[in-house]
Amino acid sequence: MLEGEAFFVYDEFRRIPGDGHQASACNAGCMPGKGLEEMIAQKIMLVGEPMALFIAQQPGPLHEAASFSAGIAGAEYNVAVGLRRLGHEAGYLTRLGRDPFGKRIAAQMEKNGLDLSLVSYSRERATGFMLKAKSSLGDPDIFYFRKNSAASELDEASIDRLDMSGFRYLHLTGIFPALSEQTWSASLRLLERAKENRLTVFFDPNLRPQLWKDKALMCRRINLLARKADYFLPGTGEGEILMGSREAGEIARYYRAQGVPCVVVKTGPKGALAAVGEEMMTVPGYRVDRVVDTVGAGDGFAAGFISAVAEGLPLEAAVLRANAVGAIQVMHESDNEGLPARAELGRFMAAVPRAEET
């Protein structure tokens, strides 16, 4: 528990008009007590595929890059790291190969304080890796080497063996279900077990069309998973692919009508729109003067949002924190090295204007 750092983040939330529930959450954050400590201690489970990452050091097409820097990629890994830096306990369900990439990832997971008890190793399959181009304009080109990877062999039996005691939340993206038919079945079983064990489920579609057989199958399965979540976190571009509209309000209304309790639609630099019950609110983003790399912004958003919900913050304050973490992440090259600790996040939120103020 990072008690000395909690003040900065919650103090910023004082400025948001709200009800008694918000004031209660704020007071708990500004003067950390047993209640907040217990909430932060509730573990968050993430499932996915961490990969070795090689980032081109020269702008341009990947095949022209002369050198690469090494790191670790994976949407769920990024979220797990973000949660740990904000003081939360995170366990990562995955499978690695018994190879140098797997050893590197496991070592970094341990270094970042992640719970490795859910990590298993394949005797036959290798750890996946990817190449990423250098670009400051839009999403960079990427190339995967992950077909038949170690993580893709996780199956329903793996999920049935899980000890889910001690976990309160589950974060799933659309990537793990796309790796293989085995991981698709495993994802469905995981959601069943999450419901049985009363875990709150967060689902980020994180669309990867190249991993699916075709668009129709991707949309059908992603929308099925969305209906099983408590919180659904699409972007406007993903909404257009999944249900036919880029308009945040329409996306939120569509998934609310499908039975999703809470929908938070990311709108890029503008911030996000959140819908729960009959209420819909727009929460402005933070101004970013220099975008270095947009990859990882959505993962930062998820880490900020999940951490805030786990701490009992009201929806508007949770989205505000999510916007801040996402903004910080786009100012860094790596997918996760820019994810902030509480003190850095608090300073950023206090000093940087929001989009509505520019």
Side-chain angles (χ1 to χ4, degrees), residues 42-52 72-81 83 89-99 101-110 112 114-130 144-206 208 211-213 217-218 221-222 224-226 228-230 302 306:
Q42 293 176 327
K43 293 175 67 174
I44 302 162
M45 180 185 296
L46 304 97
V47 56
E49 179 180 31
M51 296 176 292
I72 297 175
E76 306 85 3
Y77 175 80
N78 299 336
V79 177
V81 171
L83 289 168
E89 297 296 323
Y92 194 176
L93 171 62
T94 192
R95 182 164 294 172
L96 302 172
R98 296 183 182 277
D99 50 50
F101 290 160
K103 291 179 181 179
R104 178 186 180 91
I105 290 170
Q108 287 299 309
M109 289 176 66
E110 185 173 16
N112 279 295
L114 302 184
D115 178 0
L116 273 67
S117 65
L118 304 181
V119 178
S120 58
Y121 293 86
S122 173
R123 295 181 181 278
E124 293 83 22
R125 300 193 183 189
T127 306
F129 71 97
M130 62 177 286
Y144 292 126
F145 297 83
R146 68 194 309 179
K147 186 176 181 179
N148 296 321
S149 65
S152 70
E153 69 178 4
L154 283 170
D155 56 14
E156 287 187 68
S158 304
I159 303 304
D160 287 333
R161 290 193 295 268
L162 275 180
D163 179 4
M164 303 185 77
S165 61
F167 288 96
R168 177 65 181 83
Y169 304 94
L170 169 67
H171 178 58
L172 176 69
T173 80
I175 300 173
F176 179 73
L179 296 180
S180 66
E181 284 301 311
Q182 287 174 277
T183 60
W184 166 248
S185 298
S187 298
L188 294 176
R189 180 61 183 135
L190 181 61
L191 291 174
E192 289 177 358
R193 291 209 60 205
K195 183 176 181 180
E196 293 167 359
N197 287 274
R198 299 184 178 181
L199 272 65
T200 298
V201 176
F202 299 85
F203 180 56
D204 184 336
N206 238 314
R208 298 291 189 274
L211 298 179
W212 294 93
K213 179 181 178 181
L217 178 65
M218 175 180 74
R221 288 188 169 182
I222 292 294
L224 173 61
L225 295 173
K228 295 177 179 292
D230 297 294
I306 295 169

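For the numbers below, each heavy atom of this structure counts, side chains included, while hydrogens, waters and symmetry mates do not.
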* Could you please spell out the steps behind the side chain to side chain contact (heavy atoms under 4.5 Å, CB included) verdict for Met109 and Ile72? => CA-CA 10 Å; Met109 289 176 66; Ile72 297 175; over 6 Å; no
* To do: Using a 4.5 Å cut-off on heavy atoms from C-beta on, say whether the side chain of Leu154 contacts that of Phe176.
  => yes
* Close side-chain approach of Met51 and Phe101, heavy atoms under 4.5 Å -> no
* Ser117 backbone acceptor or donor facing Asp115 side chain under 3.5 Å -> yes
* Is Arg189 salt-bridged to Glu192, going by a charged N under 4.0 Å from an acidic O? -> yes
* Asked: Do Leu162 and Met45 pass the side chain to side chain contact (heavy atoms under 4.5 Å, CB included) test, and can you show the C-alpha distance, the side-chain angles, and the key distance before you say yes or no?
  -> CA-CA 11 Å; Leu162 275 180; Met45 180 185 296; 4.3 Å; yes
* Backbone of Thr183 reached by a side-chain donor or acceptor of Ser180 within 3.5 Å -> yes
* How many angstroms lie between atom CG of Leu83 and atom NZ of Lys43, to the nearest 0.5 angstrom? -> 13.0 Å
* CG of Leu93 to CE of Met164: how many Å apart, nearest 0.5 Å? -> 9.0 Å
* Measuring from Trp212:CH2 to Ile175:CD1, what's the distance to the nearest 0.5 Å? -> 10.5 Å
* Salt bridge check: are Arg221 and Glu181 linked by an N-O gap of less than 4.0 Å? -> yes
Residues 198-205, side-chain donor-acceptor partners within the protein, below 3.5 Å, at least two apart:
residue: Thr200; atom: OG1; partner: Arg168; partner atom: NH1; Å: 2.8
residue: Asp204; atom: OD1; partner: Asn206; partner atom: N; Å: 3.1
residue: Asp204; atom: OD2; partner: Lys266; partner atom: NZ; Å: 3.2

* Per the side-chain hydrogen bond (donor to acceptor under 3.5 Å, both in side chains) rule, which among Arg125, Arg146, Glu49 passes with Ser152? -> Arg125
* Asked: After noting the C-alpha distance and the side-chain angles of Leu191 and Leu170, does the key distance pass the side chain to side chain contact (heavy atoms under 4.5 Å, CB included) rule?
  -> CA-CA 9 Å; Leu191 291 174; Leu170 169 67; 4.0 Å; yes
* Determine the minimum heavy-atom distance between Pro177 and Ser187, stating which atoms define it. => CG-OG, 3.3 Å
* Shortest non-hydrogen contact from Ala150 toward Gly97 -> CB-N, 3.6 Å
* Just wondering, do Leu118 and Leu46 contact through their side chains at under 4.5 Å, heavy atoms? -> no
* **OH-CG distance between Tyr144 and Leu179, expressed to the nearest 0.5 angstrom** => 9.5 Å
* Spatial distance of atom CG (Leu114) from atom CD1 (Ile105) [nearest 0.5 Å] -> 12.0 Å
* To do: Evaluate the side-chain proximity of Pro50 to Leu96: yes if any heavy-atom separation is below 4.5 Å, no if none is.
  => yes
* To do: List the atom of Ile222, the atom of Gly174, and the distance in Å for their closest heavy-atom pair.
  => CD1-CA, 3.6 Å
* Structure fact -> Rounded to the nearest 0.5 Å, the CG atom of Asn112 sits from the OH atom of Tyr77 at a distance of 4.5 Å
* In chain order, what residues pass the salt bridge (charged side-chain N to carboxylate O under 4.0 Å, His left out) check against Glu156, with sequence neighbours excluded? -> none
* Asked: Are Arg95 and Ser120 close enough that a side-chain donor and a side-chain acceptor fall under 3.5 Å?
  -> yes
* Compare every heavy atom of Ser149 with every heavy atom of Gly128, then report the nearest pair and how far apart it is. => N-CB, 4.1 Å
* Indicate the atoms forming the closest heavy-atom contact of Gly48 with Thr94, along with that distance. => O-OG1, 2.7 Å
* Asked: Are side-chain heavy atoms of Leu211 and Met218 found at a separation under 4.5 Å?
  -> no
* Without swapping roles, check the side chain of Arg208 against the backbone of Ala178 for a donor-acceptor pair under 3.5 Å. => no
* To do: Report yes if some heavy atom in the side chain of Thr127 is under 4.5 Å from a heavy atom in the side chain of Tyr121; otherwise report no.
  => no
